[in-house]
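Treat the numbers as computed from the prediction; the structure is a model and nothing was measured.
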Amino acid sequence: MSGPTTGDAGGKSAMEIAVKVGEVIEARTEEFQAESATLHQPPPLGSLIWVREGEIDIYAVTGSAATGSREPGRQAVALGQDEEELPQAYPQLSKLLRTTFVGLVVGYQEKGELRHYLPPRPVRLHNFVYLCPSEEAQRFTRSLDFLSLLAAQRQDEALGACLRLVSHVHPNAEAFLVGAGRELVPLLAGDVGRLHALLRRLRP
Amino acid sequence: MTEYLGKVTEGSLSRGLMVRLEAPIEEVRAGRLVAIQGENRRFLGYISDVSLASLSPQLASAPPPSDPFLAQVLAGTGYYGQARVLPKLILGEPSALLEGPQPATAIPPHFSPVHEASQQDVELVYGREDKRRFVVGSPLDMEVKVCLDAPLFVQRSNGVFGKTGSGKTFFTRLLLINLIQKGEAVNLVFDMHGEYGWGRPTESGVEAKGLKQTAVASRVAVFALDREAAQRRRVSPDHIVEIGYEQIEPEDMGLLRQALNLTAIAAEATYTLTKRYRQGWLAKALSLTDEELKELNIPDMTYDNLRRGLDRLRRLPFLVEHPPEDSVGRILKALQEGTSVVLDFGRHSDLTTYVLVANVLTRRLHEIYQKLTDQAQAEGAPGPTPLVITIEEAHRFLAPEVAGQTIFGTIAREMRKYNVTLLVIDQRPSGIDPEVLSQLGTRVLFPLDDERDIEAALAGSQDRAELKNVLSRLPTQRHALILGHALPMPLAIQVEDVTSSQFLSKYGVPRAGEGRPRSKIGDLFPDE
């Protein structure tokens, strides 16, 4: 990845110092599928991730992740081994299995301007996925306009997890969560059960 | 900086604007004066109602969140307060510079910010204290003073209504002092309970100063009906009023019918007597012979009834066949010299006396004022100084059954044609003829309990439903709703504290606790 955009730290772009967590293997405008860089260790649910697509940086929230066989149609079978013994007994396992995760697209950055809605095109296949550094996460979540995207996709778990995670990068986590909760109220005023459940997930 | 209350979200000119509150709802009281800043104009109105609302029907029916975090998030978002504001005046009109604030005929757009009215707003609308205007109080929850325009006020008959102990008398004193001080009118006060000449301790134990104990003392004369009572209170009235028989007219009998226990026929018979004996009817009525009765066609039973009633009248000590001095003449002379007159009833504070004396004196004065005004008009000269007659228990004179006959009904209806207006004080406005009520220019409404009284007090005013809401929720002490002719828009106020030291120093009371003892009477009557 090249082309520094924002969040310059020590001469490197924010994305250069960010941790690579995966590679895009399937993409739609509103979400993409990525293969995790490490088996069994996808980015945490709700964490803010980042993909470069040409001139724009696309932001996404980590959604559901899964681990399974690399080959379609071939299912893993029970092996009856302890977790510690497994790599020695079956060293090929790590080549046969993979962990994937979904990135729920919540916005993008173009020419330094943040937009909290869908980008003009989906991310490109085989682009790397990075974990957003704290400063970037804080910068992106200063506006909470992206919550409506997640709410519309009924991604309440990812949404709750995202807000809990990013609250820690804001100076006052509790105030951030109250503010985020207040943004959610008009979105979910018609579905009080969902609203209450989601708000309970935000409790500091 | 004035307090920010919220933003306009919806509404109409007639029903009022809904304001989504951002200020704590408990601080937002009905009746509060608010300013709405539109794009080009500024609107002034008052809060007529406050309510709690929720964002959706689902939220409204959902159980309240037990979790403090949820409650914190939902308060002000899912659940919020709103206020209904009635826009009354437009301040930003170009014409307003010349003609003052105009009635609101438009409304501000969505999301216009709403603040409590500023001092400038209030001063722009109600003016500042000056030669014409005097301070009556402050808008609810505000420091700034609200003024009443004295010349405008005396143009019409006015009313002060409120239940017992709500502060009517205190406020009336304030009005009188200022009307006298501004020289806009001379006053004749029928002081039933002896409260206006010299103050006396009230129910709450606070002593309020009478007119004779204020800066206007030299322009006030106290006339009394009861010399003994005045002496007991160690005050010296300027004149003792006596009323001659010939001043009593059949009209008075109509008013006193109930009090004297007269039948309708007996009251009617007084007209027959007047027709025959003219002014001497009362003296004559006490000694009619059988032949005379037959001639007059008055049945014996009717005469007995009338006789008993008149005997009761005759026992009133101030009622004499031939008074040595013409009291009406004395009162008139004082009024023409610009001295206001307080008529202290002393021990005779029963209604029969009050109604009789007030009616007799007012009728004579009105006749004279009528002549003076007509005369002045013919000569193209200015008429006599406007006279304001203050009556308490006004429903006794202005009840629908009697208002058509009494002089007070006439005065209230003819407005200020003859430079005489009324200041009507009452606790039961529902007892007053609706036609008279509708003629009242400015009304000062202290809290009233009875629904009918509230209805009657507000009869004929714009936005009755909203004002009713404000009035029925006024704090009981020292708060009033003022509306009508002398005010650009109705307003709930906390009235001036006439017992406060600022007030006392402003209106120049000689020294605290003074005035009563006769030894210091010289201080009170510097002119004498």
Side-chain angles (χ1 to χ4, degrees), chain A residues 45-46 61 106 116 138 141-204, chain B residues 1 3-12 16-28 36 49-85 108-115:
Chain A
L45 178 71
V61 168
V106 289
H116 294 81
Q138 191 194 9
T141 53
R142 256 175 231 151
S143 160
L144 295 168
D145 292 350
F146 66 95
L147 296 182
S148 60
L149 279 173
L150 294 178
Q153 295 188 55
R154 302 187 76 86
Q155 291 288 351
D156 294 3
E157 289 298 335
L159 198 163
C162 170
L163 290 172
R164 278 195 311 272
L165 283 174
V166 296
S167 72
H168 300 298
V169 304
H170 286 271
N172 184 342
E174 186 172 348
F176 173 81
L177 288 172
V178 170
R182 296 174 85 88
E183 294 279 332
L184 289 170
V185 176
L187 297 176
L188 298 174
D191 192 344
V192 182
R194 224 179 121 196
L195 176 66
H196 281 195
L198 188 48
L199 291 180
R200 273 188 221 106
R201 278 159 177 67
L202 297 189
R203 256 183 311 211
Chain B
M1 191 58 201
E3 191 190 346
Y4 172 62
L5 300 175
K7 285 195 175 76
V8 174
T9 51
E10 59 169 11
S12 71
L17 303 170
M18 294 313 289
V19 176
R20 182 144 171 183
L21 292 174
E22 288 170 44
I25 191 158
E26 290 180 7
E27 312 289 314
V28 182
I36 310 167
D49 200 3
V50 206
S51 54
L52 293 169
S54 49
L55 201 53
S56 66
Q58 288 87 339
L59 278 171
S61 55
S66 50
D67 186 299
F69 175 75
L70 262 69
Q72 194 186 357
V73 168
L74 288 166
T77 52
Y79 304 92
Y80 53 90
Q82 51 184 7
R84 189 184 289 279
V85 171
H110 276 103
F111 317 129
S112 297
V114 181
H115 286 85

Taking a cut-off of under 4.5 angstrom between non-hydrogen atoms, the residues of residues 152-183 of chain A near chain B are A:Glu174, A:Leu177, A:Val178, A:Gly181, A:Arg182
Looking at every non-hydrogen atom in both residues, tell me the closest pair between B:Ala62 and A:Val192 and how far apart they are.
CB-CG1, 3.5 Å
Where A:Ala189 and B:Ser56 come nearest, the two heavy atoms and their spacing
O-OG, 2.6 Å
Members of residues 193-202 of chain A whose heavy atoms come closer than 4.5 Å to chain B:
A:Leu195, A:His196, A:Leu199, A:Arg200, A:Leu202
